[in-house]
S.K.: 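Sharing a structure here in structure tokens format.
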Amino acid sequence: MAFFTHQITRTLCSSAVRNAAIKHVTVIGGGLMGSGIAQVAAVTGHSVVLVDTSEDILKNSAKNIQGSLKRVVKKKFADKPEAGEEFVQKVMNNISTSTDAASVVQKTDLVVEAIVENLKVKQALFSTLDKVAPAHTIFVSNTSSLPIADIASSTARLDRFGGLHFFNPVPMMKLVEVSIAAGTSQQTFDALLDFTKALGKHPVSCKVSHGSKEDIDVAMKLGAGYPMGPFELLDYVGLDTSKFIIDGWYEKEPENPLFAPSPLLNKLVAEGKLGKKTGEGFYKYK
Ligand SMILES: CC(=O)CC(=O)SCCNC(=O)CCNC(=O)[C@H](O)C(C)(C)COP(=O)(O)OP(=O)(O)OC[C@H]1O[C@@H](n2cnc3c(N)ncnc32)[C@H](O)[C@@H]1OP(=O)(O)O
Ligand SMILES: NC(=O)C1=CN([C@@H]2O[C@H](COP(=O)(O)OP(=O)(O)OC[C@H]3O[C@@H](n4cnc5c(N)ncnc54)[C@H](O)[C@@H]3O)[C@@H](O)[C@H]2O)C=CC1
């Protein structure tokens with residue numbers, strides 16, 4: 001619940017948004033994910049336009065957002081129901097809706113796409129929007145599985161294209177994977193990190209070359225609900241013990257790539273870095 005307290009505070013004094021590069025957000029797709037993304041962006045003081053294919057779908061999206069906000073305020077404003085109502089109204093005032101993506105993106109800093117998980121449909125959408133959005137506008141996809149480079153290839157703004165992978169349910173899940181393609185600029189990556197933090201979320205970088213043990217551990221904790229990330233857990237178990245286990249499995253199933261020897265694990269064990277019990281493993285403890 002600290003998360004929501006944090007978000008409410010930000011709504012009431014949204015100077016972070018006033019000074020940020022991304023103030024106006026267009027979310028395309030008002031389903032499960034798009035509604036949640038629009039909600040958290042509005043709660044944190046961004047001006048949001050939610051786009052879908054019909055007014056009926058958008059009415060339903062607004063109803064779902066309102067329902068989710070009411071769950072939040074029921075607890076946060078338990079003894080102040082009027083303040084709770086005011087909060088919901090204020091957040092809803094930050095959200096408008098449209099069925100015409102091409103016209104609304106003309107005034108937006110960021111387009112977040114959360115439509116059907118189909119490469120051709122996503123490409124067709126971005127190709128259209130690329131021709132009408134301002135030059136500074138950043139495009140991102142919330143895709144679960146499609147390569148960002150493949151979606152970005154439908155546009156001429158490869159430097160301003162990335163991925164923001166939110167988790168479901170968006171208002172509750174703190175993790176956002178920030179991913180980029182080869183052409184994404186550092187400026188775009190930084191703006192996406194800042195935006196994710198402004199939402200009160202925890203970004204992990206999915207740059208191909210800069211993934212770190214910390215990012216993997218955070219992703220598994222916040223995205224998959226593990227109490228410890230895999231590297232923390234290995235240190236906790238003991239790297240020597242972990243090596244015995246893996247070597248044993250490898251002896252039994254040498255053809256299984258999951259049990260192939262890990263050069264990094266073997267090196268740490270050889271150096272006596274056995275995890276928490278020796279003060280150092282993947283992490284340092286002293
Ligand atoms: C597919 C992809 O590309 C990537 C993905 O997203 S994979 C999916 C990742 N997501 C997960 O792993 C989700 C795992 N599940 C959970 O974390 C939890 O079950 C959950 C947060 C969804 C719900 O929590 P729960 O304790 O199991 O159930 P529930 O009792 O309904 O919710 C507890 C409280 O959470 C809050 N809450 C849950 N969902 C909410 C929502 N959508 N909006 C606002 N508040 C919500 C409410 O405060 C709720 O209390 P009330 O019922 O009194 O309103
Ligand atoms: N459901 C999940 O748990 C997660 C999904 N995602 C990804 O988010 C995206 C959306 O998923 P959901 O929200 O679950 O789907 P959904 O089916 O709930 O919502 C998709 C919405 O997009 C709308 N839409 C489709 N084509 C459109 C277009 N051309 N223009 C405007 N609106 C359009 C649909 O009418 C629908 O309302 C997918 O890429 C999915 O892989 C990512 C993380 C988690």
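For ligands, and for the atoms within them, numbers begin at 1 and follow the listed sequence. The first residue of the sequence shown is numbered 1, and numbering continues consecutively from there.
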S.K.: Does atom 26 (N) of ligand 2 have any protein heavy atom closer than 4.0 Å?
M.R.: yes
S.K.: Starting from atom 20 (C) of ligand 2, locate the nearest protein heavy atom and write down its residue, its atom name and how far away it is, to 0.1 Å.
M.R.: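 Heavy-atom neighbour on the protein nearest atom 20 (C) of ligand 2: Ala114 O, 3.7 Å.
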S.K.: Short list, please: which atoms of ligand 2 are under 4.0 Å from a heavy atom of His165?
M.R.: 42 (C), 43 (C)
S.K.: May I ask you to identify the nearest protein heavy atom to atom 8 (O) of ligand 2, giving residue, atom name and distance to one decimal place in Å?
M.R.: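 Result for atom 8 (O) of ligand 2: Asn142 ND2, 3.0 Å.
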S.K.: For ligand 1, which atoms have a heavy atom of Asn168 less than 4.0 angstrom away?
M.R.: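 Matching atoms, with element in brackets: 6 (O), 8 (C), 9 (C), 10 (N), 11 (C), 13 (C).
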S.K.: Checking side-chain polar atoms at under 3.5 Å, does His136 have a donor or acceptor matched by the opposite partner on Asp109?
M.R.: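 There is such a pair (donor and acceptor under 3.5 Å, judged by atom type) between the side chains of His136 and Asp109.
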S.K.: Which residue holds the protein heavy atom closest to atom 13 (O) of ligand 2, what is that atom called, and what is the gap in Å?
M.R.: Met33 N, 2.8 Å
S.K.: Could you tell me whether Ser68 approaches ligand 1 through its side chain, its backbone, both or neither, with non-hydrogen atoms closer than 4.0 Å?
M.R.: both
S.K.: Hydrogens and angles aside, do Glu214 and Ser212 bring a side-chain donor and acceptor to less than 3.5 Å of each other?
M.R.: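 Result is yes, a qualifying pair exists.
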S.K.: With a 4.0 Å cut-off, would you call Lys286 and Glu280 a salt bridge?
M.R.: no
S.K.: In terms of atom number and element, which parts of ligand 1 are under 4.0 angstrom from non-hydrogen atoms of Pro169?
M.R.: 22 (C), 42 (N)
S.K.: Which residue and atom name correspond to the protein heavy atom nearest atom 35 (O) of ligand 2, and how close is it?
M.R.: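 The closest heavy atom on the protein side is Asp52 OD1, 2.7 Å.
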S.K.: State the atoms of ligand 2, each with its element, that fall below the 4.0 Å cut-off from a heavy-atom position in Ser144.
M.R.: 5 (C), 6 (N), 7 (C), 40 (C), 41 (O), 42 (C), 43 (C)
S.K.: Can you tell me which residue and heavy atom of the protein come closest to atom 1 (N) of ligand 2, and the distance to 0.1 Å?
M.R.: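 For atom 1 (N) of ligand 2, the nearest protein heavy atom is Leu32 CD2, 3.7 Å.
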S.K.: Show me which atoms of ligand 2 lie under 4.0 Å from any heavy atom of Lys122.
M.R.: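 The list of qualifying atoms is 38 (C), 39 (O).
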S.K.: Of all residues at least two apart in sequence or in a different chain, which pass the side chain to side chain contact (heavy atoms under 4.5 Å, CB included) check with Ser153?
M.R.: Gln123
S.K.: Distance to the ring centre below 6.0 angstrom and angle to the axis at most 45 degrees; does that hold for Lys213 and Tyr283?
M.R.: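 The answer is yes; both the distance and angle limits are met.
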S.K.: Honestly curious: do Leu264 and Ile216 fall in one hydrophobic cluster under the side-chain, below-4.5 Å linking rule?
M.R.: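 Per the 4.5 Å side-chain linkage, Leu264 and Ile216 are co-clustered.
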S.K.: Which of the atoms of ligand 2 are close to Glu117, meaning less than 4.0 Å from one of its heavy atoms?
M.R.: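 Contacts of ligand 2 toward Glu117, numbered from 1: 38 (C), 39 (O), 40 (C), 41 (O).
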S.K.: Does NZ or CZ of Arg157 come closer than 6.0 Å to the centre of the six-membered ring of Phe139, within 45° of the ring's axis?
M.R.: yes
S.K.: Testing the basics here: between Val132 and Ala102, what is the closest heavy-atom pair and its distance to 0.1 Å?
M.R.: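 So the minimum-distance heavy-atom pair works out to CG2-O, 3.7 Å.
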S.K.: Would you kindly specify which portion of Ile28 sits under 4.0 Å from ligand 2, judged on non-hydrogen atoms: side chain, backbone, both or neither?
M.R.: side chain
S.K.: I'd like to check which ligand 2 atoms, numbered from 1 as shown, lie under 4.0 Å from a non-hydrogen atom of Ile57.
M.R.: 35 (O), 37 (O)
S.K.: Using a distance-only test with no angle check, is there a side-chain donor-acceptor pair under 3.5 angstrom linking Asp217 and Tyr226?
M.R.: no
S.K.: Assess whether a salt bridge exists between Lys277 and Asp240, defined as any Lys/Arg side-chain N lying under 4.0 Å from an Asp/Glu carboxylate O.
M.R.: yes
S.K.: Any non-hydrogen protein atom below 4.0 Å of atom 15 (O) of ligand 2?
M.R.: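 No; the ligand atom in question lacks any protein heavy-atom contact below 4.0 Å.
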S.K.: Strictly distance-based, threshold 3.5 Å: is any side-chain N or O of Thr137 a donor or acceptor partner for the main-chain N or O of Ala133?
M.R.: no
S.K.: Take every heavy atom of Phe166, measure it against each atom of ligand 2, and state whether any distance is under 4.0 Å.
M.R.: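 Right, Phe166 reaches ligand 2.
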S.K.: Short N/O distance, under 3.5 Å, between Val116 and ligand 2?
M.R.: no
S.K.: Just which atoms of ligand 2 are under 4.0 Å from any heavy atom in Gly31?
M.R.: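 Result: 13 (O), 18 (O), 19 (O), 21 (C), 37 (O).
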S.K.: In this structure, does ligand 1 have an atom that sits under 4.0 Å from one of the heavy atoms of Lys74?
M.R.: yes
S.K.: Quick one: look up the protein heavy atom nearest atom 38 (C) of ligand 2 and list residue, atom name and how far away it is.
M.R.: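 Result for atom 38 (C) of ligand 2: Ile115 O, 3.2 Å.
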S.K.: Please compare His165, Lys75, Arg71 and report which has the shortest non-hydrogen distance to atom 48 (O) of ligand 1.
M.R.: Lys75
S.K.: Between Lys267 and Glu271, is there a side-chain N and carboxylate O pair less than 4.0 Å apart?
M.R.: yes
S.K.: Looking only at side-chain N and O atoms, does Ser127 offer a donor or acceptor that is under 3.5 Å from a partner on Ser154?
M.R.: no
